[in-house]
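Hydrogens, waters and symmetry mates are skipped; everything else that's a heavy atom, side chains included, is used.
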Amino acid sequence: MSHPLLDRLTAERTHPGPVVMGVVNVTPDSFSDGGQWFDEDAAVAHGRGLVAAGAAVVDVGGESTRPGASRPDEAEELRRVVPVVHALAGEGAVVSVDTMRASVAAAALEAGAAIVNDVSGGLADPAMAELVASSGAPFVVMHWRGHSTDMYGPAQYDDVAGEVAAELEGRVATLLEAGATRDQLVLDPGIGFAKTADHNWELLRDLGRIVDLGLPVLLGTSRKGFLGKVGRVEGQERRATERDVATAVTSVHAAAAGVWCVRVHDVTATVDALDVAGALRS
Ligand code: PMM
């Protein structure tokens with residue numbers, strides 16, 4: 001049983017496999033596209049283009065989570081995010097807000113956002129669980145072990161998929177205790193967050209263990225560093241914008257593993273890949 005909005009997004013998609021979420025980073029410093037959509041009009045036009053390319057949801061964020069990034073203050077995050085959410089939602093797009101702050105999530109919902117995507121799964125802001133419960137909006141619970149200022153210190157696992165699954169279940173229990181309902185929750189293993197390249201590959205191979213938790217799963221591999229390194233010697237890695245083919249391959253893998261949604265920068269590449277994979281299977 002999932003939230004009516006999540007069911008609607010699944011039912012209305014025009015390609016096989018997972019729903020596609022397109023990324024709109026209203027930041028000066030994101031690792032893959034920092035600065036490109038920092039201007040409000042550019043961000044809105046970009047979001048519109050992602051919807052035209054097949055994104056069922058556009059994810060608007062104002063804080064870079066690039067390793068080592070420092071956080072914008074709340075006023076600055078609100079200034080970046082709210083007008084873009086308002087404009088895209090006003091045009092009929094389904095918008096999610098990518099934030100770790102309950103105040104920003106609340107303002108974005110007020111401006112027309114329909115989904116809250118929190119890379120900390122509610123851990124960064126103690127007020128988030130209460131907001132999730134009171135709003136009733138779908139909430140993406142990502143696996144997280146701390147802010148990006150120390151991304152790799154906590155990247156210690158004996159069994160990465162098992163530990164990520166257990167920690168996500170802990171977050172779900174806390175959110176339910178705060179009054180959220182199960183149908184609101186979407187799980188995300190948090191590729192690249194407190195995970196080395198080896199951890200990311202292992203998690204991707206073991207995605208079924210996250211899907212088996214029984215909630216819809218969202219996967220964000222798009223343009224991440226481990227896709228730049230694979231098959232390349234040091235110094236010759238693919239740059240972030242050269243990782244869209246690699247990302248599309250992981251979207252096909254996610255489809256086979258039963259993932260509900262993939263979060264990507266290049267929507268066209270992923271939709272093409274899902275179409276081809278679907279035709280091969282049917
Ligand atoms: N990755 C980034 C940002 N937000 N949200 C979710 N749910 N999952 C992710 O993997 C994720 C995210 C990384 O930064 P980007 O916006 O440049 O992709």
Trainee: For R239, does the CZ atom have more than 12 heavy-atom neighbours from other residues, nucleotides or ligands under 6.0 Å away?
Mentor: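 No, CZ of R239 has 12 or fewer neighbouring heavy atoms, counting only those of other groups under 6.0 Å.
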Trainee: Between E242 and R232, does a salt bridge (Lys or Arg N to Asp or Glu O under 4.0 Å) hold up when you go through it step by step?
Mentor: CA-CA 13 Å; E242 297 168 342; R232 297 285 178 96; 5.0 Å; no
Trainee: Between D98 and R263, is the salt bridge (Lys or Arg N to Asp or Glu O under 4.0 Å) condition met? List the steps.
Mentor: CA-CA 11 Å; D98 186 345; R263 178 184 179 279; 3.2 Å; yes
Trainee: Would a 4.5 Å heavy-atom cut-off, applied to side chains only, mark R243 and D266 as touching?
Mentor: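 They are not in side-chain contact.
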Trainee: At what distance, to the nearest 0.5 angstrom, does CZ of R182 lie from NE2 of H3?
Mentor: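 That separation rounds to 15.0 Å.
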Trainee: When hydrophobic residues are tied together by side-chain contacts of less than 4.5 Å, even through go-betweens, does L9 share a cluster with V85?
Mentor: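 Unlinked, L9 and V85 end up in two clusters.
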Trainee: Rounded to the nearest 0.5 Å, how far does CG of L204 lie from NE2 of H253?
Mentor: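 So the NE2 of H253 and the CG of L204 are separated by 5.0 Å.
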Trainee: For the CG atom of D198 and the CG atom of L203, what is their distance to the nearest 0.5 Å?
Mentor: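 Here the rounded value is 11.5 Å.
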Trainee: Within the structure provided, determine whether F139 and L131 are in side-chain contact (heavy-atom separation under 4.5 Å).
Mentor: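 No; the side chains remain at least 4.5 Å from each other.
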Trainee: Does a side chain donor of either S2 or D183 reach within less than 3.5 Å of an acceptor in the other side chain?
Mentor: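 No pair is found: no donor N or O on one side chain lies under 3.5 Å from an acceptor on the other.
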Trainee: Is it the case that one hydrophobic cluster holds both V60 and L109, taking links as side-chain heavy atoms less than 4.5 Å apart, direct or via other members?
Mentor: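 As far as the 4.5 Å side-chain criterion goes, L109 and V60 are connected within one cluster.
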Trainee: When clusters are formed by joining ILVMFWY residues with side-chain heavy atoms under 4.5 Å apart, either directly or through shared neighbours, do V186 and V211 land in the same one?
Mentor: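 No, V186 does not connect to V211 through the hydrophobic network.
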Trainee: Does the side chain of R13 reach to within under 4.5 Å of the side chain of V19, using non-hydrogen atoms?
Mentor: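 Answer yes - side chains close enough.
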Trainee: Would you call F193 and V119 a side-chain contact if the rule is heavy atoms closer than 4.5 Å?
Mentor: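 Side chain of F193 against side chain of V119, heavy atoms only: contact under 4.5 Å found.
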Trainee: Answer yes if the side chains of E77 and T99 hold a donor-acceptor pair under 3.5 Å, and no otherwise.
Mentor: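 The answer is yes; a qualifying pair exists.
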Trainee: Measure the CG-CD1 distance between L218 and I210 for me, rounded to the nearest 0.5 Å.
Mentor: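 So the gap between those two atoms works out to 12.5 Å.
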Trainee: Do S251 and V20 come within less than 4.5 Å of each other through their side chains, counting heavy atoms only?
Mentor: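 In short, these two side chains do not touch, never coming nearer than 4.5 Å.
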Trainee: Side chains of N25 and T27 only: does a donor on one sit below 3.5 Å from an acceptor on the other?
Mentor: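 No, no side-chain donor-acceptor contact under 3.5 Å.
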Trainee: So do the side chains of V97 and N117 get within less than 4.5 Å of each other, counting heavy atoms only?
Mentor: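 Result no, sub-4.5 Å side-chain heavy-atom pair not found.
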Trainee: Nearest 0.5 angstrom please: S96 OG to D59 CG, how far?
Mentor: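 So the gap between those two atoms works out to 3.5 Å.
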Trainee: I need the single residue from I191, L227, V264, L207 that forms a side-chain contact (heavy atoms from CB on, under 4.5 Å) with T250. Which is it?
Mentor: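 Filter result, single survivor: L227.
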Trainee: Name the residue from D125, L123, T65 that meets the side-chain contact (heavy atoms from CB on, under 4.5 Å) definition with M100.
Mentor: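 With M100 as partner, side-chain contact (heavy atoms from CB on, under 4.5 Å) holds for just one option, T65.
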Trainee: So among V164, L219, V259, L213, which one has a side-chain contact (heavy atoms from CB on, under 4.5 Å) with L187?
Mentor: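 The option that passes is L213.
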Trainee: Do the side-chain N and O atoms of T181 and Q184 include a donor-acceptor pair separated by under 3.5 angstrom?
Mentor: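 Yes, Q184 and T181 have a side-chain donor paired with an acceptor closer than 3.5 Å.
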Trainee: Report the residues that fulfil side chain to side chain contact (heavy atoms under 4.5 Å, CB included) with A52, sequence neighbours left out, ordered by chain and then residue number.
Mentor: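 Listed in chain order: nothing, the list is empty.
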Trainee: Could you go through R209 and D212, starting from their C-alpha distance and side-chain angles, then the distance that decides it, and tell me whether this counts as salt bridge (Lys or Arg N to Asp or Glu O under 4.0 Å)?
Mentor: CA-CA 5 Å; R209 289 169 72 185; D212 284 348; over 6 Å; no
Trainee: Take the angle between the ring planes of H143 and Y157 and call it parallel below 30°, perpendicular above 60°, tilted in between.
Mentor: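 The rings of H143 and Y157 sit tilted, inter-plane angle from 30° to 60°.
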Trainee: Check whether S222 reaches the backbone of H265 with its side chain - one donor and one acceptor, N or O, closer than 3.5 Å.
Mentor: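 Between the backbone of H265 and the side chain of S222 there is a qualifying donor-acceptor contact (under 3.5 Å).
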Trainee: Please round to the nearest 0.5 Å and tell me the distance separating atom CG of N200 and atom OG1 of T221.
Mentor: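 Reported value, rounded in 0.5 Å steps: 9.5 Å.
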Trainee: How close do A114 and P138 get, heavy atom to heavy atom, and via which atoms?
Mentor: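 Shortest heavy-atom separation between A114 and P138 comes out as O-CD, 3.3 Å.
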Trainee: If the threshold is 4.0 Å, N to carboxylate O, is there a salt bridge linking E167 and R145?
Mentor: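 Between R145 and E167 there is a salt bridge, with a charged N closer than 4.0 Å to a carboxylate O.
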Trainee: Pairs under 3.5 angstrom only: tabulate donor-acceptor contacts from the side chains of residues 42-49 to other protein residues two or more places apart or in another chain.
Mentor:
residue: R48; atom: NE; partner: E91; partner atom: OE1; Å: 2.9
residue: R48; atom: NE; partner: E91; partner atom: OE2; Å: 3.3
residue: R48; atom: NH2; partner: E91; partner atom: OE2; Å: 2.7

Trainee: In terms of hydrophobic clusters joined by side-chain contacts under 4.5 Å, are V94 and V140 together?
Mentor: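 Result: yes, single cluster for both.
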Trainee: Side chains of V262 and M21: does their closest heavy-atom pair fall under 4.5 Å?
Mentor: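 In short, these two side chains do not touch, never coming nearer than 4.5 Å.
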Trainee: Taking the side chain as C-beta and beyond, is there a heavy-atom pair between D188 and V141 under 4.5 Å?
Mentor: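 In short, these two side chains do not touch, never coming nearer than 4.5 Å.
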Trainee: Is it possible for you to say whether V249 and L274 belong to one hydrophobic cluster, with membership spreading through side-chain heavy-atom contacts below 4.5 Å?
Mentor: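 Per the 4.5 Å side-chain linkage, V249 and L274 are not co-clustered.
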Trainee: Between the main-chain N or O of A240 and the side-chain N or O of K224, is there a donor-acceptor pair closer than 3.5 Å?
Mentor: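 Such a contact is absent between K224 side chain and A240 backbone.
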Trainee: Report the residues that fulfil salt bridge (charged side-chain N to carboxylate O under 4.0 Å, His left out) with R80, sequence neighbours left out, ordered by chain and then residue number.
Mentor: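 Residues passing salt bridge (charged side-chain N to carboxylate O under 4.0 Å, His left out) with R80: E76.
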